[in-house]
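See below for the structure under consideration.
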Amino acid sequence: RKKGGVHFLPPYSTGKAGLYQGSVEALFNATDFMQKSHAEYVIVCDANTAANVNLAAAIELLEKNEADAVLVCKNGKAPAHHDDAMIVSMDANNVVNKIDFETSANDVLFGLGITIIRRELLTDLVAKAKQNECENFYRDVLAAMVGKQKVMAFVHEGYAAVMDDVASYKENSFALL
């Protein structure tokens with residue numbers, strides 16, 4: 001752990017009591033930690049996603065295509081009660097060309113809330129988003145990257161669940177038994 005590895009950062013704001021006000025603030029509060037890190041990439045992952053993702057393959061996609069970020073996605077029905085459910089459109093080379101947040105469609109490619117992004121790019125984008133008083137990492141940062149930076153989609157084929165309400169949490173918990 002002293003020379004690298006996985007670090008989980010708590011969802012608490014620094015400088016004031018309570019939880020952060022949006023995912024941009026949470027990432028901004030981790031900026032000092034990220035700047036001191038020597039890691040090339042940061043994996044931003046929602047806590048309400050359960051999946052056994054081959055992160056090595058997703059990073060390989062990022063490196064092989066010299067991309068700036070990779071969104072881990074799944075084909076199927078997008079989470080119905082998740083404000084940040086991303087509907088992802090990509091070309092034949094897995095380059096993301098559109099991110100939408102309409103979740104009424106049944107058979108779509110949707111983001112699982114897992115993003116692999118170059119560390120230095122993330123710290124720059126988050127600082128700009130914070131300066132512009134943005135709150136949402138997906139809507140204000142990732143969606144804005146499309147067409148400006150190279151964002152790829154890694155399509156996860158295995159089991160994945162997004163627990164976006166109590167009913168889906170219960171349903172997916174029983175599915176794992």
Under the rule for side chain to side chain donor-acceptor pair (under 3.5 Å), what residues qualify as partners of [X], not counting sequence neighbours?
X      : value
Gln149 : none
Lys148 : none
Asp100 : none

Shortest non-hydrogen contact from [X] to [Y]?
X      : Y      : answer
Tyr138 : Asp46  : OH-OD1, 2.6 Å
Val146 : Lys98  : CG1-N, 3.8 Å
Met90  : Val155 : CE-CG2, 3.8 Å
Ala58  : Val70  : O-CG2, 3.8 Å
Val88  : Gly111 : CG2-N, 4.1 Å
Cys73  : Ala153 : SG-CB, 4.1 Å

Spatial distance of atom [atom1] ([X]) from atom [atom2] ([Y]) [nearest 0.5 Å]:
X      : Y      : atom1 : atom2 : answer
His156 : Leu55  : NE2   : CG    : 10.0 Å
Leu109 : Asn75  : CG    : CG    : 5.0 Å
Ser89  : Asn97  : OG    : CG    : 5.5 Å
Leu61  : Ile116 : CG    : CD1   : 8.5 Å

For [Y], does its backbone N or O pair with a side-chain atom of [X] as donor and acceptor, under 3.5 Å?
X      : Y      : result
Lys74  : Leu112 : no
Asn136 : Asp140 : no
Asn48  : Val162 : no
Asn54  : Ala57  : yes

State, yes or no, whether a side-chain contact exists between [X] and [Y] at a heavy-atom distance under 4.5 Å.
X      : Y      : value
Arg139 : Ile99  : no
Ile87  : Phe101 : no
Thr115 : Val72  : no
Lys150 : Val95  : yes
Val151 : Asp68  : no
Ile117 : Tyr41  : no

Would you mind telling me which of Val53, Leu62, Leu71 makes a side-chain contact (heavy atoms from CB on, under 4.5 Å) with Phe154?
Val53
Asn52 CG: over 12 foreign heavy atoms closer than 6.0 Å
no
Residue pairs involving residues 113-132 (criterion salt bridge (Lys or Arg N to Asp or Glu O under 4.0 Å); sequence neighbours excluded)
Glu40-Arg118
Step by step, would you call Leu122 with Val44 a side-chain contact (heavy atoms from CB on, under 4.5 Å)?
CA-CA 10 Å; Leu122 177 63; Val44 179; 4.1 Å; yes
Output all residues satisfying side-chain contact (heavy atoms from CB on, under 4.5 Å) with Gln35, sequence neighbours left out; order by chain, then residue number.
Thr31, Thr123
Using the salt bridge (Lys or Arg N to Asp or Glu O under 4.0 Å) criterion, which residues pair with Glu135? Sequence neighbours excluded.
none
List the steps and the verdict of side-chain contact (heavy atoms from CB on, under 4.5 Å) for Leu125 and Met145.
CA-CA 9 Å; Leu125 291 172; Met145 286 178 68; 3.6 Å; yes
